Structures are given as C-alpha cells and as structure tokens.
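Everything below concerns the one structure shown next.
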Amino acid sequence: MRRTLSPSIVAKISPAVVLIKGETSTGTILGSGLIVSRDGKIATNLHVIRDLKNAGVQLASGEIFDTVSVLAFDDRKDLAIIRIAGFDLPSIELGNSNEVRSGERVVVIGSPRGLQGTVTTGVVSAVRDDPSGAGFKVIQTDASVNPGNSGGPLLNDRAQAIGIVTSKLRGSEGLNFAVPINYVRGMLENLQKPLSLDELRASLASARSDVFKSYGFPTLWKSLSTGKLRSLRFEAAFIYAETVLSEEQRKVQFDSYELKKDGEGYKGIIRSGGTCAYASAWNRSTEYNRCTFERKIEFTSVTPNRIEGRGFGPPDGAKFDCKKCSYSIAPVWTPFVWIPQ
C-alpha cells in the first residue's frame with residue numbers, strides 16, 4: 001500500500017528547505033535549496049548562484065546566514081553544492097533517483113516568488129533525456145513550480161529527495177523538470193576546495209571546452225515568460241537571433257537580434273517592427289503605417305541549456321499607438337530566461 005503525502009511528511013521535510021537570495025548586476029535573484037548534511041551543505045541549481053555578487057541563505061526557522069561558499073558545481077547539469085556555517089541543521093534524506101517511476105506521487109517545496117515553504121503536489125510524468133540534448137536525464141512532473149522554486153527539492157512519498165527542481169516550460173501546462181538526485185550524490189563524493197562567488201564566476205569563465213559540446217549550442221530556444229520561439233546562430237564573438245514567425249507573419253513583421261561578447265555576457269540590439277493599421281480620423285478609412293524599433297538587450301548567462309538576460313522595451317500592458325509608432329508606457333528593463341526547445 002502506497003503512502004500518502006501527509007502533513008506530517010511535509011512537516012518533516014520543510015525545515016530542511018531554504019531560501020537563497022542575492023544580488024546581481026541586473027537585480028535580485030531568489031531561489032531555493034535543500035540541506036543535504038547537518039553541517040550546512042546545500043544542493044541547489046547553478047543558475048541560482050552563478051551571477052550573484054553576494055548571497056544569503058534563510059532557513060525555514062527564520063535564521064539567516066550571510067555568507068556562502070561553493071564546494072562543487074556542474075555546468076552541464078545546472079547543479080551546485082554550497083555551504084553555510086551551520087551546525088546540527090535539519091537535513092533531507094536523499095532517495096535513489098534510479099528507482100523513480102512514472103505515475104508515482106511527488107511533492108515540491110520551495111520559495112516561488114520568495115514565498116518560503118510553499119508546497120505543491122503532483123506525479124512523475126516521465127523520466128526522459130534532457131530536452132536540450134546535453135547528455136543527462138531529467139524527471140518530468142506536473143507538480144506546479146514557479147520562479148523561486150529553482151534549486152528546491154522534488155520529493156517522493158517517503159520524504160526523500162529524488163530531484164532538484166530546475167526549469168518550467170511556460171505556455172505549456174504541467175511541463176516541469178527536475179535533475180535526478182543521484183547526480184547530487186556523485187558531486188557530494190567529489191567536493192573541492194571552497195570557492196567564493198567571485199572565484200566561481202572566474203572558474204566558469206575559464207572552464208575548459210567540453211568535448212561533448214562539439215555539436216554547438218541548440219538552434220531553437222523558447223522564452224519561459226512569453227512562449228515565443230527564437231532561432232539562434234553563434235559566430236565567434238557574436239550571437240544572431242530571430243523570432244520564429246509563420247510565412248504570413250513574416251510579411252508584416254520582423255524581429256532580429258545581434259549581440260557581441262562583452263565580459264562574461266553579451267550585449268546588443270533588437271531590431272523589430274512591422275506594418276500596423278489604424279482608423280483615419282478624417283474619412284473613417286483604415287490607414288497603414290510602417291514602424292521600426294531598436295532596443296537594447298543583454299545576455300548575462302549563456303549555457304547550452306539556459307540563456308538568462310534582460311531586454312529594454314515596453315512593459316506588459318503597454319498600449320501601442322500605430323499612428324505615432326509609440327507605446328503608452330516608457331520602456332523598462334525586463335528579465336527573461338530562454339531554454340532549448
């Protein structure tokens with residue numbers, strides 16, 4: 001007889017799930033993590049910490065630790081082991097992700113939008129190859145996740161961590177992914193000399209080329225916030241991209257990107273526009289106008305399975321005046337995440 005995901009199980013797990021918060025050059029990052037040993041080792045996603053200038057960890061008890069060190073990281077699988085100066089902390093038992101089966105019940109605990117201790121439930125939808133083709137397995141689940149859940153645990157009905165929540169396909173219902181916990185087990189057996197966050201970034205920037213990435217980066221990418229598809233082309237220090245449009249759409253609009261390597265990231269321009277229609281005030285007929293725009297865009301983190309950045313443009317809800325080729329609200333910087341499609 002299978003166990004149910006009872007409140008007592010959640011109560012047992014929750015104290016070992018933490019909120020990770022830090023600052024980057026583009027703003028505040030929130031994520032989750034799970035304490036995997038009583039001396040303060042915490043498993044999370046690499047993308048949660050890789051760009052942080054400073055970071056802190058808040059326990060479910062409310063205790064805050066202002067300094068973290070990095071004991072291990074895996075860029076390919078988007079995993080990291082960090083450590084805080086804790087002692088006798090609550091920790092989560094690690095399960096065996098090789099035993100995970102489709103249909104079994106699971107629970108996610110994390111800090112979506114910073115709401116620490118949020119619990120959602122679902123089932124394992126599948127265990128499959130990583131959608132980006134990066135050469136590892138992922139656990140697909142319909143348990144609800146949102147920004148801030150990244151790095152938190154996916155747990156079975158025995159209160160064991162079987163995965164690390166890593167990504168969500170927005171625009172699609174219930175397509176969420178976790179990296180199997182056995183990869184974390186392997187990292188815990190191969191810890192390195194502690195690194196500061198600055199040393200982590202330097203290590204990532206100088207990392208040796210990956211012989212298994214000779215195929216290059218994926219071509220087709222999907223925005224997690226809008227669901228739009230974009231095709232990317234990498235050429236030396238440049239990245240070129242276009243929004244994927246149908247033949248009919250291409251007749252009336254365009255959207256292209258050009259970015260150049262700048263330090264640890266890329267900076268460039270979005271060129272977009274198209275033909276729009278508006279009602280003439282003179283004779284009530286339909287008039288047409290051709291509008292074009294150039295806006296700034298930045299990629300702050302580029303890996304084969306995730307691109308993070310920000311774009312400068314009209315915010316959600318801004319109304320467009322076709323006659324004047326202008327928006328009702330001034331442009332702002334908006335963060336985004338793209339993953340391979």
Side-chain angles (χ1 to χ4, degrees), residues 3-22 28-49 52 55-72 78-95 97 100 105-122 124 139 141 143-168 176-185 187-188:
R3 299 173 179 87
T4 61
L5 296 170
S6 67
S8 61
I9 290 178
V10 173
K12 176 182 178 181
I13 299 165
S14 294
V17 181
V18 305
L19 168 67
I20 299 172
K21 183 177 181 178
T28 301
I29 294 291
L30 297 172
S32 301
L34 59 146
I35 303 173
V36 294
S37 68
R38 301 182 72 84
D39 62 354
K41 296 184 185 73
I42 297 170
T44 187
N45 283 143
L46 179 59
H47 79 255
V48 170
I49 65 166
L52 297 184
V57 172
Q58 181 170 322
L59 305 188
S61 65
E63 296 174 89
I64 294 175
F65 294 81
D66 295 313
T67 303
V68 304
S69 58
V70 182
L71 301 181
D78 191 22
L79 292 173
I81 305 295
I82 63 175
R83 188 173 187 175
I84 57 176
F87 175 77
D88 196 25
L89 299 178
S91 61
I92 291 178
E93 179 185 354
L94 304 186
S97 51
V100 174
R105 299 184 66 191
V106 290
V107 62
V108 170
I109 302 179
S111 304
R113 309 293 185 184
L115 298 173
Q116 195 167 3
T118 298
V119 178
T120 59
T121 61
V124 172
I139 301 170
T141 178
S144 177
V145 302
N146 287 286
N149 275 118
S150 290
L154 179 72
L155 302 122
N156 61 21
D157 60 6
R158 295 180 294 282
Q160 297 171 328
I162 56 172
I164 304 292
V165 175
T166 188
S167 64
K168 169 182 180 177
N176 310 311
F177 298 94
V179 180
I181 204 67
N182 283 1
Y183 295 131
V184 172
R185 287 179 175 276
M187 294 171 66
L188 288 169

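Reckoned from all heavy atoms, side chains included, excluding hydrogens, waters and symmetry mates. Only a predicted model underlies this, so the values are computations on that prediction, with no experimental measurement involved.
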Nearest heavy-atom pair of [X] and [Y]: which atoms, and what distance?
X      : Y      : answer
Ile82  : Ile49  : CG2-CD1, 3.7 Å
Val68  : Ala55  : CG2-CB, 4.1 Å
Gln160 : Glu93  : NE2-OE2, 2.9 Å
Ala178 : Leu154 : CB-CD2, 3.9 Å
Ile84  : Thr67  : CG2-O, 4.0 Å
Val36  : Ala43  : CG1-CB, 4.0 Å

[atom1] of [X] to [atom2] of [Y]: how many Å apart, nearest 0.5 Å?
X      : Y      : atom1 : atom2 : value
Ile35  : Ile13  : CD1   : CD1   : 13.0 Å
Ile164 : Asn149 : CD1   : CG    : 12.0 Å
Thr118 : Arg113 : OG1   : CZ    : 11.5 Å
Ile20  : Ile42  : CD1   : CD1   : 6.0 Å
Ile92  : Ile181 : CD1   : CD1   : 8.5 Å
Lys21  : Leu30  : NZ    : CG    : 6.0 Å

**Report entry** From Asp157, Ile162, Ile139, Thr120, residue fulfilling side chain to side chain contact (heavy atoms under 4.5 Å, CB included) relative to Val106
**Finding:** Ile162

Query raised in the report: Do you know which of Leu155, Val108, Val17, Ile109 makes side chain to side chain contact (heavy atoms under 4.5 Å, CB included) with Val119?
Result: Ile109

Between [X] and [Y] (side chain of the first, backbone of the second, donor and acceptor by atom type, cut-off under 3.5 Å), is there such a pair?
X      : Y      : value
Asn45  : Asp78  : yes
Arg185 : Gly95  : yes
Gln58  : Gln116 : no
Thr44  : Ser32  : yes
Ser97  : Asn182 : yes

**Report entry** Test log, rule side-chain contact (heavy atoms from CB on, under 4.5 Å), inputs Leu71 and Leu188
**Finding:** CA-CA 9 Å; Leu71 301 181; Leu188 288 169; over 6 Å; no

Requested in this report: Please assess Asp39 against Arg83 for the test side-chain contact (heavy atoms from CB on, under 4.5 Å), listing each intermediate value before the final yes or no.
Outcome: CA-CA 8 Å; Asp39 62 354; Arg83 188 173 187 175; 3.1 Å; yes

Report task. Test Phe177 against Val145 for side-chain contact (heavy atoms from CB on, under 4.5 Å), laying out the working first. Result -> CA-CA 9 Å; Phe177 298 94; Val145 302; over 6 Å; no

